Amino acid sequence: MTPASFSPTGIRFENIDKRYGGLYALRRVSLEVPAGECVAFAGRNGSGKTTLLRIAARLARPSSGTVNFLNGSGEKLATPPPAGFVAHATMVYDELTAEENMLLFARLQGIAKPTARAETLLAEVGLLERRNSLVRTFSRGMRQRVAIARALLNEPAVILLDEPTTGLDPQGTSWFAQTVRQLRDSGRTVLMSLHGESEVSTLATRAIRLDAGAVVADTRTGANFRSILAFANA
Amino acid sequence: MALLSNTAVLLGKELRTEFRSRELLTTTVVFILTIVVLFSFTFDPSVNESRRFGPGLLWLAFLFAASLMLQPCFLREQTNDTLSALRLSVNDPFAIFLAKLAANTLFLLLTQVLLLPVFSILYNVPVLGAFPQLILVMFMGSLGLSVTGTALSAISAQARMRELLLPLLLLPLLTPVLIASTEATASLLVLNPIMPWKWLGFLLGFDVVFLTALWLFGEYLLEE
């Protein structure tokens with residue numbers, strides 16, 4: 001990964017509720033993730049992992065409660081910093097080439113020298129030679145590489161990964177784990193939702209289990225790391 | 001300025017993806033040609049009947065074509081959740097709407113320009129005499145169809161039975177545009193065409209009202 005040019009950023013969720021009609025996706029979720037921490041969220045389908053990450057990315061608004069971003073000293077930031085979001089869906093256009101996708105999002109984000117930035121990131125994810133190929137001709141693993149490159153365009157200090165390894169083969173998962181390790185080691189805050197133990201989950205410095213929209217276990221409060229992830233597998 | 005530059009970038013993306021896939025334009029042009037040809041076979045109208053009923057048939061065909069064209073407008077952003085990527089990238093979500101409605105207006109206008117000579121031949125109604133005025137009416141009408149249709153497409157894309165929902169919401173809401181566009185077109189297809197300022201003013205008012213509503217509330221339409 002390119003040398004970090006971001007400020008360490010943490011995130012604090014306070015009493016977050018998210019309702020869809022009468023259904024609670026999240027119930028009174030309160031937790032603080034200090035800058036530089038790598039957190040794995042585990043839980044069954046529908047436990048609220050995706051909703052929490054989408055609220056952190058400001059793609060969804062909580063029904064009540066607040067989300068604050070914190071600087072390295074734990075003080076609240078006035079303006080939320082950009083967050084990099086990678087999900088199971090690639091969030092890139094199949095009808096555009098890898099480079100066209102990167103340039104599109106770089107220009108929308110007002111990045112200086114978008115072509116150079118796009119090429120640097122495509123080189124980092126090993127797709128520079130295929131930059132002029134349409135994304136629809138890519139394998140699942142290659143698409144996810146474009147997704148990672150897109151998410152890193154604006155040097156985000158917070159990376160949100162929503163079940164990013166779903167559908168990846170072992171080789172793709174290994175590459176992804178290596179990338180997450182680099183992101184974590186560069187000082188970025190990483191929040192990821194996972195389905196059970198994997199090469200990626202071993203990189204987490206903290207694990208949190210969600211059940212029916214509520215936090216039910218957290219390694220910070222003494223829960224066992226492996227039991228949280230093993231439970232999600234059950 | 002960020003709004004305009006983001007809109008321009010997104011419009012470029014809309015045009016590039018459409019001209020690369022040619023999904024919307026091809027389908028819409030074929031659909032609208034079929035309707036106009038079928039109408040002409042069904043009614044076999046005389047010149048006077050064509051002048052009287054032609055504009056209505058023409059705009060009904062445009063309306064059906066618009067409901068077909070506008071459906072995938074936000075639906076295709078769901079395939080790879082690209083709408084989320086756009087929302088994370090733009091400062092003002094109105095840019096997403098502006099780009100989509102500009103692209104939709106352009107595609108509709110292109111379809112109409114292609115259809116006009118066919119209509120003229122099949123219905124024996126000369127259109128060359130008032131061609132620039134017709135283009136203006138078609139632009140205003142297309143803008144009205146696109147503004148409303150783009151907003152409703154964003155709503156229906158997140159709903160169940162979305163394929164049914166858009167036409168059900170769109171067709172009644174576009175009745176004023178249909179009436180004004182038909183009347184304006186009819187004024188230009190008579191023997192001595194007159195510029196339909198009253199109907200153009202009505203279309204302008206409709207476009208401004210819906211564009212303002214979209215600017216004010218568009219952000220909420222994109223929320224989960």
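Note that the structure is a prediction, hence the values are computed from the model and not measured. Atom set for the values below is all heavy atoms of this structure, side chains included, hydrogens, waters and symmetry mates excluded. Each chain gets a letter, A, B and so on, in the order its sequence line appears, and its residues count up from 1.
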**Study point:** Side chains of S89(B) and Q109(A), donor plus acceptor under 3.5 Å
**Key:** yes
Check your understanding: Among L103(A), L96(A), N101(A), L108(A), which one satisfies side chain to side chain contact (heavy atoms under 4.5 Å, CB included) with K13(B)?
Key -> L96(A)
If you count every heavy atom of other residues, nucleotides or ligands that lies below 6.0 Å from [X] atom [atom1], does the total exceed 12?
{"X": "F31(B)", "atom1": "CZ", "value": "yes"}
{"X": "R12(A)", "atom1": "CZ", "value": "yes"}
{"X": "N68(A)", "atom1": "CG", "value": "yes"}

Practice item. Please state whether the side chain, the backbone, both or neither of L86(B) comes within less than 4.5 Å of a heavy atom of chain A. Key: both
Review point. If you count heavy-atom pairs under 4.5 Å between each of R143(A), E100(A), R107(A) and chain B, which one has the most?
Key: E100(A)
Practice item. Check step by step if side chain to side chain contact (heavy atoms under 4.5 Å, CB included) holds for M91(A) and L83(B). Key: CA-CA 8 Å; M91(A) 296 163 79; L83(B) 189 59; over 6 Å; no
Point to revise | Proximity breakdown for N154(A) and chain B, heavy-atom pairs closer than 4.5 Å | key: neither
**Study point:** Atom group of R58(A) that falls short of 4.5 Å from chain B, counting heavy atoms
**Key:** backbone
Exercise for review: Please confirm whether the backbone N or O of V92(A) pairs with a side-chain atom of N80(B), one donor and one acceptor, at under 3.5 Å?
Suggested key: yes
Review point. Are any side-chain N or O atoms of R87(B) and backbone N or O atoms of L59(A), one a donor and one an acceptor, separated by less than 3.5 Å?
Key: yes
**Study point:** N-O pairing of D81(B) and R54(A) below 4.0 Å
**Key:** yes
Review point. E77(B) and Y93(A): side chain to side chain contact (heavy atoms under 4.5 Å, CB included), yes or no, with the steps?
Key: CA-CA 8 Å; E77(B) 300 286 355; Y93(A) 290 94; 2.6 Å; yes
Check your understanding: Taking side chain as C-beta onward, heavy atoms only, is L134(A) less than 4.5 Å from R20(B)?
Key -> yes
Review point. Rounded to the nearest 0.5 Å, what separation is found between the CZ atom of F19(B) and the CD atom of E95(A)?
Key: 14.0 Å
